[in-house]
Amino acid sequence: MRSGLKELAFVTALLSAGVAWGHDGASGVVRERMDAMSAIGKNMKPIGRMLKGGAPYDPASVAKAAKAIAQHGGEALTALFPDDSLQSPTEAAPAIWTDWRTFSAYADDLRSSAVALETLARDGADKQAVAGAFGTLAGTCKSCHEAFRIKK
Ligand code: HEC
């Protein structure tokens with residue numbers, strides 16, 4: 001009984017750490033941008049699943065998720081990176097502030113490619129075209145992370 005409770009506590013702690021996406025200990029603007037990135041990630045997942053055939057393809061859901069991602073792009077994203085906000089446990093790279101022009105261009109790309117995806121899905125483009133736009137959008141995540149995120 002005793003050891004059973006101990007195990008339960010351990011599993012609960014493990015699960016909540018997972019749910020927090022490694023946000024443990026983050027606060028202020030670092031926490032805010034981690035939450036924004038998590039929201040972006042949560043909207044990417046179902047789109048990917050639908051396009052890979054793991055779930056029925058529903059263009060309206062794709063458009064809705066893409067729109068939510070677009071809202072986190074551009075200035076909404078750059079506003080979450082005030083000068084030298086490198087408080088632990090951030091994974092942001094200092095290069096963000098020495099190469100702000102590139103960083104903000106990626107933030108704009110994120111928005112424009114999400115808008116392009118939304119438009120295609122909403123206008124009933126074929127699945128192939130939608131998948132292409134999704135690939136472009138995913139490419140912006142990858143490019144920005146490679147340049148400006150230090151994976152810990
Ligand atoms: C303009 C640059 C940029 C773009 C574009 C971008 N990210 Fe990020 N992302 C970052 C940075 C920088 C961090 C680290 C933030 C921190 O830890 O303070 C991050 C962190 C994350 C995290 C981890 C959040 C956490 O809880 O620590 C996820 C998930 C993520 N991004 C998903 C995405 C996805 C999915 C996309 C594309 C749809 C994307 N990002 C596009 C810069 C970007």
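When a ligand or atom number is given, it counts from 1 through the structure's own listing order. Here, residue 1 is the first one in the sequence, and each next residue gets the next number.
Using cut-offs of 30° and 60° for the angle between ring planes, the Trp97 and Phe81 rings count as tilted.
Using modelled atom types and a 3.5 Å distance limit, the side chains of Ser38 and Asp35 yield no donor-acceptor pair.
For CD of Glu75, the number of neighbouring non-hydrogen atoms (other residues, nucleotides, ligands) closer than 6.0 Å is 12 at most. No more than 12 heavy atoms of other residues, nucleotides or ligands lie within 6.0 Å of NZ in Lys64, so this atom counts as exposed by the packing criterion.
Per-residue contacts place Tyr106 under 4.0 angstrom from the following atoms of ligand 1 (heavy atoms of the residue considered): 1 (C), 5 (C). Taking every non-hydrogen atom of Phe148 and a distance limit under 4.0 Å, the qualifying atoms of ligand 1 come out as 12 (C). Atoms of ligand 1 found under 4.0 Å from any heavy atom of Thr140 (numbered from 1 in listed order, with element): 5 (C). Listed by atom number, the atoms of ligand 1 under 4.0 Å from Arg33 heavy atoms are 16 (C), 18 (O). Close contacts between ligand 1 and Cys144 involve ligand atoms 1 (C), 2 (C), 3 (C), 4 (C), 5 (C), 42 (C), 43 (C) [criterion: under 4.0 Å to a heavy atom]. For ligand 1, the atoms sitting less than 4.0 Å from at least one non-hydrogen atom of Leu110 are 5 (C), 37 (C), 38 (C), numbered in the order shown with element in parentheses. The distance from ligand 1 to the heavy atoms of Met44 drops below 4.0 Å at these ligand atoms: 35 (C), 38 (C). Using a 4.0 Å cut-off to heavy atoms of Ser38, the atoms of ligand 1 that qualify are 26 (O).
Glu118 CD to Lys67 NZ: the interatomic distance, rounded to the nearest 0.5 Å, is 6.0 Å. The line from CD of Glu146 to SG of Cys141 is 11.0 Å long, rounded to the nearest 0.5 Å. Here NZ of Lys45 is found 14.0 Å from CE of Met50. Values are rounded to the nearest 0.5 Å.
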request  = Test side chain to side chain donor-acceptor pair (under 3.5 Å) on Asp99 and Thr102 and set out the steps.
outcome  = CA-CA 6 Å; Asp99 195 2; Thr102 307; 2.7 Å; yes
task = Go through the steps for Thr78 and Asp108 under the test side chain to side chain contact (heavy atoms under 4.5 Å, CB included), then give the verdict.
result = CA-CA 9 Å; Thr78 53; Asp108 288 344; over 6 Å; no
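The part of Phe81 lying near ligand 1 is the side chain, judged by heavy-atom distances below 4.0 Å. In Glu91, the parts holding a heavy atom less than 4.0 Å from any atom of ligand 1 are both the side chain and the backbone.
Of all the listed residues (Ala107, Ser113, Cys141, Ser85), Cys141 holds the heavy atom that lies closest to atom 37 (C) of ligand 1. Between atom 18 (O) of ligand 1 and the options Thr78, Asp35, Ile47, Thr90, the minimum heavy-atom separation is to Thr90.
Taking atom 8 (Fe) of ligand 1 as the corner point, the angle from His145 atom NE2 to Met37 atom SD is about 170° (rounded to 10 degrees).
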